[in-house]
S.K.: 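Questions regarding the structure given below will be posed in turn.
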Amino acid sequence: MSKEIRVNVRTLVNASKIRHEKRDGRDVIIVPSATLPDNVVMNGIRYPADVIASSFHTLDGTPAPLGHPKVNGKFVSARDPQGMVRTFVGAWNENVRRENGRVLLDKVIDVEFAGQSEGGKAVLNAIEKQEPISTSTGLLATVKAVTNATDGAKF
């Protein structure tokens with residue numbers, strides 16, 4: 001039996017790596033992020049390094065929503081128009097790369113846009129206070145239940 005799940009990682013903000021820039025006359029904050037270490041087990045599911053290596057690049061240029069967009073109770077892509085109006089706070093992913101068995105990327109946040117919503121203000125506040133923020137992998141996975149007898153992880 002297969003089921004669909006949304007994958008999420010919670011990470012600490014490293015304030016020393018945060019950059020402030022102007023792009024096209026607009027203030028942006030660039031927050032370096034890390035996600036999906038090779039062979040990680042999250043929510044009882046193992047993500048093999050080869051699968052991550054073959055697909056991590058698809059995160060480049062994607063919206064970085066606040067939370068996981070849902071429409072009618074079902075997870076949707078962050079690019080779904082209905083999902084965007086519910087969760088977009090002016091943030092996107094860029095400079096996606098894989099180093100030392102980990103996916104690294106930059107979250108770029110348009111400060112003015114983020115400041116126009118309560119969710120965006122909360123993100124800016126969390127960054128300022130160096131609080132943990134949730135980073136979605138952008139992965140909507142179809143899981144087939146096959147249990148590994150040694151560690152109980154599903155593949």
S.K.: Do L36 and W92 belong together in a cluster built from hydrophobic side chains that touch within less than 4.5 Å?
M.R.: no
S.K.: Among all residues two or more places apart in sequence or in another chain, which pass the side chain to side chain contact (heavy atoms under 4.5 Å, CB included) test with A49?
M.R.: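 Scan of A49 (side chain to side chain contact (heavy atoms under 4.5 Å, CB included), adjacent residues dropped) gives D38, N39, R98.
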S.K.: Do I109 and V28 have side-chain heavy atoms sitting under 4.5 Å apart?
M.R.: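 I109 does not reach V28 side chain to side chain.
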S.K.: Tell me, with the steps shown, if T87 and H68 meet side chain to side chain contact (heavy atoms under 4.5 Å, CB included).
M.R.: CA-CA 7 Å; T87 61; H68 303 294; over 6 Å; no
S.K.: Are V96 and L104 side-chain neighbours, meaning at least one heavy-atom pair lies under 4.5 Å?
M.R.: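 No; the side chains remain at least 4.5 Å from each other.
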S.K.: If the condition is ring-ring contact (aromatic ring centres under 6.0 Å, His included), which residues does F88 pass it with, not counting sequence neighbours?
M.R.: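 Counting only residues at least two positions away or on another chain, F88 forms a ring-ring contact (aromatic ring centres under 6.0 Å, His included) with F113.
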S.K.: When clusters are formed by joining ILVMFWY residues with side-chain heavy atoms under 4.5 Å apart, either directly or through shared neighbours, do M84 and V89 land in the same one?
M.R.: no
S.K.: Would you call I30 and E21 a side-chain contact if the rule is heavy atoms closer than 4.5 Å?
M.R.: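 Touching, per the 4.5 Å side-chain cut-off.
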S.K.: Using side-chain heavy atoms (C-beta onward) and a distance below 4.5 Å, is D106 in contact with R19?
M.R.: yes
S.K.: Would you check, one step at a time, whether the test side chain to side chain contact (heavy atoms under 4.5 Å, CB included) holds for N93 with K107?
M.R.: CA-CA 5 Å; N93 300 308; K107 301 274 185 210; 2.6 Å; yes
S.K.: I'd like to check P37 versus R102 (side-chain heavy atoms, cut-off strictly below 4.5 Å). Are they in contact?
M.R.: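 Yes, at least one pair of side-chain atoms sits under 4.5 Å.
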S.K.: Are the side chains of D27 and K22 in contact, using a 4.5 Å heavy-atom criterion?
M.R.: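 Result yes, sub-4.5 Å side-chain heavy-atom pair found.
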S.K.: Would you call I29 and V111 a side-chain contact if the rule is heavy atoms closer than 4.5 Å?
M.R.: yes
S.K.: Enumerate, atom names and distances included, each donor-acceptor pair closer than 3.5 Å involving a side-chain atom of residues 53-61, sequence neighbours excluded.
M.R.:
{"unit_1": "S54", "atom_1": "OG", "unit_2": "D50", "atom_2": "O", "d": "3.4"}
{"unit_1": "S54", "atom_1": "OG", "unit_2": "V51", "atom_2": "O", "d": "3.0"}
{"unit_1": "S55", "atom_1": "OG", "unit_2": "V51", "atom_2": "O", "d": "2.9"}
{"unit_1": "T58", "atom_1": "OG1", "unit_2": "S55", "atom_2": "O", "d": "2.8"}
{"unit_1": "D60", "atom_1": "OD1", "unit_2": "N95", "atom_2": "N", "d": "3.1"}

S.K.: Is the closest side-chain heavy-atom distance between V108 and R23 below 4.5 Å?
M.R.: yes
S.K.: Quick one: do E112 and K121 make a salt bridge, cutoff under 4.0 Å?
M.R.: no
